[in-house]
A.B. asks: 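Attaching a single structure in structure tokens format; questions to follow.
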Amino acid sequence: MSESRRPLIAANWKMHHLRQDASRYCRELLRGFPPEIAADVVIFPSFTLLVTVAEGLAGSSVAWGGQDLHTEPKGAFTGDISGEQLADLGCSWVLCGHSERRRDHGESDEAVGRKAATARHFGLKPMICIGETAEERRAGATQEVLERQFRAAVAQRPEPFALAYEPVWAIGTGETATPEMAQSTHAFLRTLAARVLGETASDGLRILYGGSVKPANAASLIVQKDIDGFLVGGAGLDPGSFSGIIGSSGPGL
Ligand code: PGA
């Protein structure tokens with residue numbers, strides 16, 4: 001396994017928290033943070049909380065990022081956020097193509113690819129989200145859907161990026177893929193990445209799992225060969241449970 005596949009653990013706050021929650025969260029997270037931590041940690045707050053989180057995490061090893069960005073670098077796009085504006089707030093990462101954006105905002109596979117490329121243009125690392133719905137899995141179309149989403153997302157070669165595999169049926173439902181099920185999909189994605197990007201890029205690619213990850217199931221998922229970290233929703237809203245996931249996710253913790 002490549003050295004670059006250090007565990008990467010991310011919390012996606014979605015549309016939760018106010019400024020005082022965000023400040024308290026950062027204080028509590030950093031208070032319990034082991035200095036020798038063997039994982040990279042990222043928080044994805046709402047845009048309105050980015051300044052608060054940037055202040056709360058300043059000087060720590062925890063990074064932050066936006067939950068979305070526009071495909072275009074700037075312009076007349078009311079209500080949207082550009083990659084440059086995120087970079088201006090010290091973001092290192094940005095989520096691209098989360099299933100809730102695809103579902104609620106009609107984000108196409110092609111738009112996700114353009115977002116990932118725009119993120120790179122501004123020095124942000126895209127965390128590209130892909131995943132099949134329950135119907136697609138039932139229809140036996142999981143691999144076909146993931147391949148289509150992946151190829152479109154990386155069409156403009158937005159390296160370095162991380163890939164988050166999030167089966168839509170496991171997001172916010174309490175239903176997690178079993179470690180074996182997740183591993184077999186991750187192995188498929190790594191083989192696909194080797195075909196599309198080459199062996200070296202595939203070997204170094206961090207493939208995160210997302211969908212009802214909790215302190216209780218994190219350890220059994222992270223030991224899988226091709227699972228390199230997590231994108232956490234609900235359990236990432238509380239610094240205690242997020243720390244529990246971080247703690248069970250990195251070797252040497
Ligand atoms: P969940 O969300 O952990 O609440 O299932 C994961 C995600 O949407 O990234």
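Indexing begins at 1, ligand by ligand and atom by atom, following the structure's order.
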A.B. asks: Find the distance between CD1 (Ile128) and CG (Leu205) and round it off to the nearest 0.5 Å.
C.D. replies: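 Between atom CD1 of Ile128 and atom CG of Leu205 there are 8.5 Å.
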A.B. asks: So between Gly236, Gly233, Gly131, Gly174, whose heavy atom ends up nearest atom 3 (O) of ligand 1?
C.D. replies: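 When every heavy atom of Gly236, Gly233, Gly131, Gly174 is considered, Gly233 comes closest to atom 3 (O) of ligand 1.
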A.B. asks: Is a side-chain donor-acceptor pair under 3.5 Å present for Trp169 with Glu132?
C.D. replies: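 The criterion, which ignores hydrogens and geometry beyond distance, is satisfied for Trp169 and Glu132.
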A.B. asks: Is there a heavy atom in Ala235 that sits closer than 4.0 Å to ligand 1?
C.D. replies: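 No.
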A.B. asks: Any chance you could measure Lys125, atom NZ, to Cys91, atom SG, to the nearest 0.5 Å?
C.D. replies: 12.0 Å
A.B. asks: Can a non-hydrogen atom of Gly172 be found less than 4.0 Å from any atom of ligand 1?
C.D. replies: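 Flag set, Gly172 near ligand 1.
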A.B. asks: Check ligand 1 against Ala170 and write out every atom of the ligand that is under 4.0 Å from a heavy-atom position of the residue.
C.D. replies: 5 (O)
A.B. asks: Below 3.5 angstrom, do we get any N/O pair linking Val232 and ligand 1?
C.D. replies: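 No; every N/O pair is 3.5 Å or more apart.
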A.B. asks: Which is it for Glu159 and Arg120 under the salt bridge (charged side-chain N to carboxylate O under 4.0 Å, His left out) test, yes or no, and what are the steps along the way?
C.D. replies: CA-CA 8 Å; Glu159 288 119 313; Arg120 285 310 306 143; over 6 Å; no
A.B. asks: Please state whether the rings of Tyr209 and His186 are parallel, tilted or perpendicular, taking 30° and 60° as the class boundaries.
C.D. replies: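 Tyr209 and His186: tilted rings.
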A.B. asks: Counting each atom of ligand 1 from 1 as listed, which ones have a heavy atom of Gly211 under 4.0 Å away?
C.D. replies: 5 (O)
A.B. asks: Describe, in one word, how the ring planes of Phe242 and Tyr25 are oriented to each other, choosing from parallel (under 30°), tilted (30 to 60°) and perpendicular (over 60°).
C.D. replies: tilted
A.B. asks: Only heavy atoms of Ser212, strictly under 4.0 Å: list the atoms of ligand 1 that pass.
C.D. replies: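 Going through ligand 1 atom by atom, the ones under 4.0 Å from Ser212 are 1 (P), 3 (O), 5 (O).
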A.B. asks: Just need the protein heavy atom nearest to atom 7 (C) of ligand 1, so name the residue and atom and give the distance.
C.D. replies: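 Answer, as residue, atom name and distance: Glu166 OE2, 3.1 Å.
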A.B. asks: Taking the non-hydrogen atoms of Lys214, is any one of them nearer than 4.0 angstrom to ligand 1?
C.D. replies: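 No, that is not the case, since the closest heavy atom of the residue is not under 4.0 Å from the ligand.
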A.B. asks: Pairing donors with acceptors under 3.5 angstrom, does anything connect the side chains of Asp109 and Gln149?
C.D. replies: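 There is no such pair between these side chains.
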A.B. asks: Show the atoms of ligand 1 that are less than 4.0 angstrom away from any heavy atom in Gly234.
C.D. replies: 1 (P), 3 (O), 4 (O)
A.B. asks: For His98 and ligand 1, does the shortest N/O to N/O distance drop below 3.5 Å?
C.D. replies: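 N/O-N/O distance below 3.5 Å exists for this pair.
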A.B. asks: May I ask you to decide if Gly131's main-chain N or O and Glu166's side chain share a donor-acceptor pair within less than 3.5 Å?
C.D. replies: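 Flag not set: sc Glu166 to bb Gly131 has no pair under 3.5 Å.
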